[in-house]
Amino acid sequence: MTASTDVIKGKRAGMAEPAQNDVQKVPETKGMLLQARGLTIQTRAGVSLLSDISFQVEPGDLVALTGLSRSGKSTLLHSLAGLLKPSGGEILIDGVDLYANLKAFRPSIGFVPAEFALPPNLTAAEILQEAARLRLPRRTSRPEREQRVLGILQTMGLTQLRDGRAGGLSAFEKRKLSIAVELLGYPGILLLDKSAEQLTPFEEVQITILLRELSRQGLTVIQVDERCRSAGLSDKVIFLAPGGLLAWFGPPDEAFTYLRNLLPRGVVKDLFGLKEALEVLGNPQGQQGLEWAKRFKGHAAYQQYVDDPLHDRYPDLMLQTHPLIRIRLKNSSQEKTPPAIIPRAGTVQKLSLLIGRNLRLWWRDKTMFLRLAIPPLVALVDFGLSSPSHLNPDRAPLIFGLLVFLVLLTSALLVQNEIFKERAVYQRESRTGSLAFAYSLSKVWLVGFLAVYQGLVWTIIHFIATGLAGGTQVLLLYAIVFFLVAFIGGVLGLIVSAFSRTAMTTTNWLLLLTIPQLLLSGAVVPAASLSFPFNVLSGLDPSRYALESLLAAGGYGQGLNVTPSGEWPILVMMSLGLIALLVAIQQRAGSVRT
């Protein structure tokens with residue numbers, strides 16, 4: 001049992017607190033009392049996902065959350081993690097409402113999602129170091145962060161893999177790395193969804209043994225366990241029935257006896273474990289879940305493990321079973337107040353971290369040089385369009401309009417998956433604190449870098465194609481306009497990447513946003529000839545102002561009533577508006593679902 005040995009050896013290093021020399025610097029590690037009272041979650045259409053779920057998990061408990069398929073296990077876990085606000089009921093942590101004090105409790109809740117939501121091209125050490133900068137208090141020194149990372153690596157048995165890229169780890173190692181990230185911030189509660197990657201039975205047991213060791217240090221742990229392999233090692237088991245109803249909460253040995261007695265007559269009950277009992281008892285008919293929940297509420301176990309603890313009906317008995325938490329809750333003057341909000345990484349720190357990450361990821365991306373080769377290749381079209389024999393006043397609007405369209409589309413395509421591919425990573429990191437502004441600016445910074453590159457490429461190739469006519473002043477104006485068009489195209493690509501749900505839809509949305517710009521820019525039909533509502537849309541089209549600026553700078557703007565430098569400031573204002581829209585989309589993507 002390698003995992004167990006690693007935990008025992010690294011227990012002190014991984015979970016021990018640094019010196020408590022600054023109450024605003026180091027959080028207090030302690031187990032937390034988690035209570036769900038009448039928890040109900042419904043979709044907007046009124047479909048019930050969870051119904052009247054109640055239980056109480058004591059500090060230091062390891063709980064297996066299991067049940068049949070689509071019984072609401074992940075939904076319950078997301079709600080306990082502060083990610084899905086319930087329609088009814090409440091979730092209390094140490095007697096304080098979770099969703100009324102979500103910002104204060106977020107650092108206290110570790111949540112391991114089903115998918116591997118960590119950058120695959122970063123090493124295990126880099127991932128933990130970045131997570132430490134985001135999750136540990138702002139005034140934690142660099143040596144303290146490094147010591148914490150080393151301790152967690154040792155605790156999770158990942159020391160030998162610290163320099164390996166996360167994408168190359170096995171499913172078991174990825175699972176341990178995901179847990180390691182959540183342990184960095186000294187959580188009081190650790191929640192684990194089922195792993196999307198297949199683990200062997202032995203690996204699942206190893207993970208459970210590791211979690212059991214952590215729970216014995218006071219951590220409250222709940223893990224989704226579809227196969228019931230961890231139930232025997234757990235302190236409590238939560239069974240959810242079809243329809244999101246509570247079918248059992250209590251010790252695993254009593255759960256086995258309770259469910260086995262519900263098996264139909266004629267079944268050889270001695271051959272059945274928890275998983276087999278669930279499969280036999282499962283019934284696709286909707287009323288089966290209601291029957292299970294009703295039967296459990298009438299059982300003595302419901303009174304003993306749910307009703308009495310939630311209402312504290314036998315405080316003396318509770319004091320004997322969990323003395324530390326009971327004394328703390330009853331005697332502390334802070335019983336009904338949330339924990340203090342300790343400052344963590346600020347916007348500048350987050351922005352610096354994310355920009356550095358983007359640079360590393362781009363440098364390690366095998367397609368980076370291919371993507372950088374695309375703008376020069378596309379810009380070669382300029383040689384065929386802008387030669388002195390082709391570029392005349394009559395054809396100039398169409399030629400410059402096509403150039404603007406190509407710059408816009410190319411820039412957008414370069415980053416169309418930049419946010420989409422990192423959605424799971426972003427949502428995981430934003431759970432611990434607001435990240436929308438810093439994350440959006442880090443991507444905008446990348447777009448700005450690419451826009452400078454594309455602006456230079458298009459300007460140089462255009463002037464070579466036209467024989468370097470116009471001088472340095474025209475060259476500078478062209479460079480500014482091409483840069484702004486590339487920048488706007490890149491931000492549009494980020495916006496599409498942020499709200500798209502599949503990789504296919506990103507390209508469709510980009511074409512939908514860019515092709516109309518060519519038609520409304522005045523390149524095909526003069527803008528002055530457009531009627532309502534197309535003239536209004538043309539006034540909102542950045543390609544129109546870019547086209548007019550290029551025509552004026554090249555001396556082809558007769559009748560446009562514009563100066564060479566009179567239009568590009570409008571492009572700057574449009575860029576700022578698009579950035580604000582991107583931030584708003586990212587803010588919504590990281591918010592609590594209701």
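Reckoned from all heavy atoms, side chains included, excluding hydrogens, waters and symmetry mates.
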Presence of salt bridge, Arg142 and Glu146, under 4.0 angstrom: yes
Centroid-centroid distance, Trp509 to Phe499, less than 6.0 Å: yes
Any donor-acceptor N or O pair under 3.5 Å, side chains Gln416, Thr507: yes
Main-chain N/O of Val348 paired to Ser352 side chain as donor or acceptor, under 3.5 Å: no
Residues Arg428 and Glu422 bridged, charged N to O under 4.0 Å: no
Derivation and outcome, side chain to side chain contact (heavy atoms under 4.5 Å, CB included), residues Leu190 and Glu182: CA-CA 8 Å; Leu190 181 63; Glu182 298 303 322; 3.9 Å; yes
Check: Ser430 side chain, Gln427 main-chain N or O, donor-acceptor pair, under 3.5 Å: yes
Any donor-acceptor N or O pair under 3.5 Å, side chains Gln56, Glu58: yes
Nearest-0.5 Å distance that lies between atom CG in Leu92 and atom CZ in Phe105: 9.0 Å
Tyr99-Glu90 side chain donor-acceptor pair, cut-off 3.5 Å: no
Derivation and outcome, side chain to side chain contact (heavy atoms under 4.5 Å, CB included), residues Ile127 and Val181: CA-CA 8 Å; Ile127 288 173; Val181 168; 3.8 Å; yes
Polar side-chain atom of Ser411 near backbone of Ala486 as donor-acceptor pair, under 3.5 Å: yes
Side-chain donor or acceptor of Thr220 paired with backbone N/O of Met32 under 3.5 Å: yes
Contact check, side chains of Leu62 and Thr208, non-hydrogen atoms, under 4.5 Å: yes
Min side-chain heavy-atom separation Leu177-Phe116 under 4.5 Å: yes
Under 3.5 Å donor-acceptor, Thr410 side chain and Val407 backbone: no
Check: Ser79 side chain, Thr75 main-chain N or O, donor-acceptor pair, under 3.5 Å: no
Glu130: side chain to side chain contact (heavy atoms under 4.5 Å, CB included) partners, not counting sequence neighbours: Leu122, Leu353, Arg357, Arg360
Sequence neighbours excluded - salt bridge (charged side-chain N to carboxylate O under 4.0 Å, His left out) pairs with any residue from residues 187-207: Lys174-Glu197, Lys194-Glu226, Glu204-Arg227, Glu204-Arg229
Phe420 six-ring face occupied by Arg501 cation (under 6.0 Å, within 45°): no
Side-chain donor or acceptor of Arg135 paired with backbone N/O of Leu184 under 3.5 Å: no
Gap separating the CD1 atom of Ile41 from the NE2 atom of His78, nearest 0.5 angstrom: 10.5 Å
Presence of salt bridge, Asp61 and Arg212, under 4.0 angstrom: no
Ser170 versus Glu173, side-chain donor and acceptor atoms under 3.5 Å: yes
Distance, nearest 0.5 Å, that separates CG of Leu578 from CG of Leu494: 10.0 Å
Inter-residue atom distance Trp363.CH2 - Phe369.CZ, 0.5 Å rounding: 4.5 Å
